[in-house]
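Structure, as structure tokens:
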Amino acid sequence: MKYVEEFRDAELAKGLSAAIKAEAEPERIYKFMEFCGGHTHALARYGVEDLLPNNVKMIHGPGCPVCVLPVGRVDEAVALATQHDVILCTYADLMRVPGTKYESLIKARSKGADVRMVYSTMDALKIAQDNPEREVVFFAIGFETTTPPTAVAIKQAQKLGLKNFSVYCNHVLTPAAMRAILGAHTPEGAPNVVLDGFVGPAHVSAVIGTQPYEEFTTDYKKPVVIAGFEPLDVMQSILQLIRQANDGRADVENEYARAVTPEGNVKAQALVDEVFEVRDEFSWRGLGSVPLSALKIRSEFSEFNAELRFRVEVPSPKENKLCECGPILRGEKNPVDCALFGTSCTPDNPMGACMVSSEGACAAHWTYGRFRTELELEESA
Amino acid sequence: MNAPQNPPQKPRGNKPGGRPLDLKNGRVDMSHGAGGRAMAQLIEDLFVGEFNNELLNREHDAAMFRLPPGRVVMSTDSFVISPLFFPGGNIGSLAVHGTVNDISMAGAKPYYLTAGFIIEEGFPLSDLAEIVKSMAEAAKEAGVSIVTGDTKVVERGHGDGIFINTAGVGVARDGIEICGDLAQPGDKILVNGTLGDHGVAVMSKRENLSFTTAIESDSQSLGDLVGAMIDAVPDIHVLRDPTRGGLAATLNEIAHQSGVGIELHESAIPVRPEVKSACELLGLDPLYVANEGKLIAICPAEKADALLAAMQAHPKGKDAAIVGEVLQDARCFVRMKTGLGGTRMVDWLAGEQLPRIC
């Protein structure tokens with residue numbers, strides 16, 4: 001696999017590991033947040049943790065669209081699928097996210113709702129074209145990466161004059177979430193999470209560019225290194241973050257220059273601006289209500305807005321009180337700190353979103369890394 | 001084996017049915033499963049015609065045969081796949097290979113199969129004929145006979161085209177002890193070739209996921225390879241075909257059955273670049289992707305090189321490799337040294353492997 005294997009090379013990894021160990025000052029602890037679930041997944045899947053010194057700690061951030069979707073939105077999707085005779089189209093792992101009383105779209109389907117897994121917005125459009133007598137709703141979710149394809153689908157539906165296609169919009173914005181993380185403080189005024197910098201998003205940055213991260217270096221003095229999703233990308237970005245921390249700098253650096261430019265994908269941004277506008281606020285799992293953090297469909301395209309087309313009644317959403325997805329998504333706790341982790345909450349029976357999504361911090365640790373916890377327990381015993 | 005005593009040839013007159021089966025444009029209808037003339041015609045003209053062996057040709061409801069000395073090994077499997085036809089095979093050849101391989105994985109030689117068909121009303125007879133033909137070819141290649149069967153037709157909308165069940169019997173010679181609970185710490189783990197080919201070939205033809213690839217399914221019977229392996233190393237501890245759930249699921253099963261841990265070496269695991277690329281694109285892990293012509297062998301470390309040589313000398317094992325070893329670990333973890341130099345678990349699959357959002 002040209003241009004992929006090169007970013008998983010063991011010899012280069014060994015060299016980067018040695019450089020990180022050499023440059024990380026032994027007396028200090030470095031805490032970096034990888035914002036994206038894709039980075040969390042890469043760290044776990046390739047065993048990168050084994051190649052980092054103990055004083056370099058990676059903190060998992062809220063960058064998994066499935067994980068941050070609040071229970072209420074899942075409940076509404078389930079209600080849409082069950083209360084109306086719609087074909088609800090959605091990306092795969094969203095189907096298993098539990099809402100209130102563990103109802104998920106996959107459970108709704110087993111009870112007769114017409115929920116279909118699609119791989120792209122175009123698949124949903126095709127289903128709408130093939131089923132003119134049925135209402136087809138696309139459950140749109142994701143950060144800036146998946147928003148342009150949703151905009152394309154809406155524009156295409158308009159061009160085709162489709163009357164039976166609409167979008168339940170749950171697109172969210174990365175910088176707003178980073179701001180919420182950095183702005184969260186204890187009642188005493190201390191930051192909830194102490195961070196030395198961010199491993200910046202890969203695919204998101206390919207769309208939005210590097211410029212939106214400047215505020216974190218100026219206003220919050222946090223270095224940001226945008227990194228690709230390959231393990232060597234992540235290791236290289238960690239090395240760059242260590243260097244910035246050692247130098248006392250806070251800059252936006254772009255490790256992922258092969259895909260990310262300062263201005264990003266201007267065409268995609270224009271398309272998104274044309275179809276969507278920023279919501280006043282949006283509720284995130286883990287972060288609560290965050291102002292200016294999500295998108296809604298502009299009034300010019302309101303005929304494709306499922307929120308306007310369908311009325312769904314759902315009781316107040318309820319999360320499991322023991323579920324620690326919130327603090328884990330905010331980087332305040334680790335998966336193993338949750339009482340449910342590995343006991344009643346596993347990928348086969350997920351209680352919280354962090355265990356549902358393959359990119360969730362809990363699923364990543366359970367699937368790839370839990371032997372480490374066992375070894376640590378053995379060593380401490 | 002001792003061939004069964006030749007049964008008398010059945011007189012071939014008084015054929016059921018009026019017009020011959022229209023295998024080009026005809027479709028299965030409810031009468032083909034109703035037990036009457038149409039069903040008899042379907043069985044005689046298609047199944048008996050293709051499977052053609054002395055036991056089946058007697059058209060008795062059960063087959064009677066002798067088996068050579070040893071322990072009888074029996075297995076059954078049902079085949080439900082979409083699409084029914086995929087690069088490198090179809091549900092018919094798969095239904096033969098699957099059961100033949102399950103018997104082979106006990107270190108046994110397979111002899112006889114049964115075939116049960118559940119067909120949806122409206123299913124094209126041409127497709128059925130192609131499926132049955134490839135079953136016959138697969139059985140012949142594997143050296144087994146399909147000696148009895150069953151046909152049911154379900155109403156349109158109550159099936160997915162066709163489901164096939166096969167059961168089989170074989171014989172394991174005395175002294176061969178191969179089972180999933182016999183892996184020992186220190187044993188080496190081998191595979192006979194590249195992983196994930198079948199799963200990717202099938203996915204490439206799925207209605208909602210169609211992509212172009214040169215990859216064909218590895219669907220094949222492994223009885224002859226297993227025979228050669230046992231001849232070379234009779235004390236193989238475990239054989240298993242990593243079908244659904246791939247290498248990862250199968251090794252987790254073995255680890256639990258044997259109460260051991262397993263360590264894999266990612267860089268030693270053979271995976272075709274095209275399979276890697278397809279998995280990369282879909283966000284899947286080749287270790288969890290299905291195979292239909294691959295096996296995992298676990299044997300004492302000192303026999304591993306001899307077993308590897310025997311596998312590589314066989315056409316169905318030319319890409320064989322030693323991919324890991326068995327460890328003492330009461331938690332039964334399957335771990336892997338990653339190509340990058342770290343370690344990670346290779347866990348049970350949770351639900352089905354699903355492509356990632358972004």
Side-chain angles (χ1 to χ4, degrees), chain A residues 1-2 4-5 8-14 17 36-38 41 43-51 64-66 91-96 106 116-120 123 126 141-143 145-146 203-204 231-232 235 346-350 355 357-359 363 366-372 374, chain B residues 203-204 206-211 245 248-249 252 255 261-268 271-288 327 329-358:
Chain A
M1 267 191 311
K2 191 80 178 146
V4 174
E5 296 292 352
R8 298 173 187 174
D9 184 277
E11 283 306 306
L12 291 175
K14 210 185 280 178
S17 174
C36 278
H41 188 83
L43 286 164
R45 179 172 172 178
Y46 298 98
V48 173
E49 204 175 311
D50 293 338
L51 304 173
C64 160
V66 171
Y91 293 133
D93 42 2
L94 200 58
M95 293 180 65
R96 300 201 302 138
I106 209 161
R116 302 190 193 179
M117 186 176 82
V118 293
Y119 295 91
S120 81
D123 292 345
K126 172 126 193 351
I141 182 176
F143 286 87
T145 324
T146 53
H203 296 162
V204 163
L232 291 188
M235 291 181 75
T346 66
D348 292 297
N349 183 28
M355 192 60 97
S357 168
S358 62
E359 299 193 353
W366 176 263
T367 305
Y368 297 121
R370 72 180 185 274
F371 72 95
R372 282 198 191 86
E374 298 277 340
Chain B
M203 274 186 262
S204 74
R206 288 241 165 103
E207 195 182 349
N208 57 355
L209 197 65
S210 156
F211 57 90
N252 273 287
I262 282 173
E263 183 165 87
L264 289 170
H265 304 285
E266 189 174 26
S267 50
V271 181
R272 288 184 202 280
E274 302 94 314
V275 170
K276 274 189 193 170
S277 299
C279 288
E280 199 62 39
L281 195 69
L282 298 169
L284 306 176
D285 186 338
L287 297 181
Y288 293 85
L327 309 173
D329 181 358
R331 296 158 306 195
C332 307
F333 282 161
V334 178
R335 284 185 259 169
M336 182 163 77
K337 289 274 183 206
T338 69
L340 198 76
T343 302
R344 63 123 147 150
M345 282 189 65
V346 177
D347 203 9
W348 295 93
L349 188 61
E352 58 178 322
Q353 238 199 150
L354 299 171
R356 282 154 47 190
I357 286 182
C358 64

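The sequence lines fix the lettering, A, B, ..., with proteins before strands; numbering per chain opens at 1.
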Under 4.5 Å heavy-atom distance to chain B, tell me which part of [X] shows up: side chain, backbone, both or neither.
X: A:M235; result: side chain
X: A:R370; result: both
X: A:E11; result: neither

Could you walk me through whether B:D347 and B:Y288 pass the side chain to side chain contact (heavy atoms under 4.5 Å, CB included) test, one step at a time?
CA-CA 10 Å; B:D347 203 9; B:Y288 293 85; 4.3 Å; yes
Top contributor to chain B interface from A:W366, A:Y368, A:Y46 [non-hydrogen pairs under 4.5 Å]:
A:Y368
Quick one: list whatever passes side-chain hydrogen bond (donor to acceptor under 3.5 Å, both in side chains) with B:R335, sequence neighbours left out.
none
Can you list the residues that meet the side-chain hydrogen bond (donor to acceptor under 3.5 Å, both in side chains) rule with B:D329, with sequence neighbours excluded?
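For B:D329, the residues satisfying side-chain hydrogen bond (donor to acceptor under 3.5 Å, both in side chains) (neighbours in sequence not counted) are B:R331.
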Test B:V334 against every option in B:L327, B:V346, B:L287 by the side-chain contact (heavy atoms from CB on, under 4.5 Å) rule and name the one that passes.
B:V346
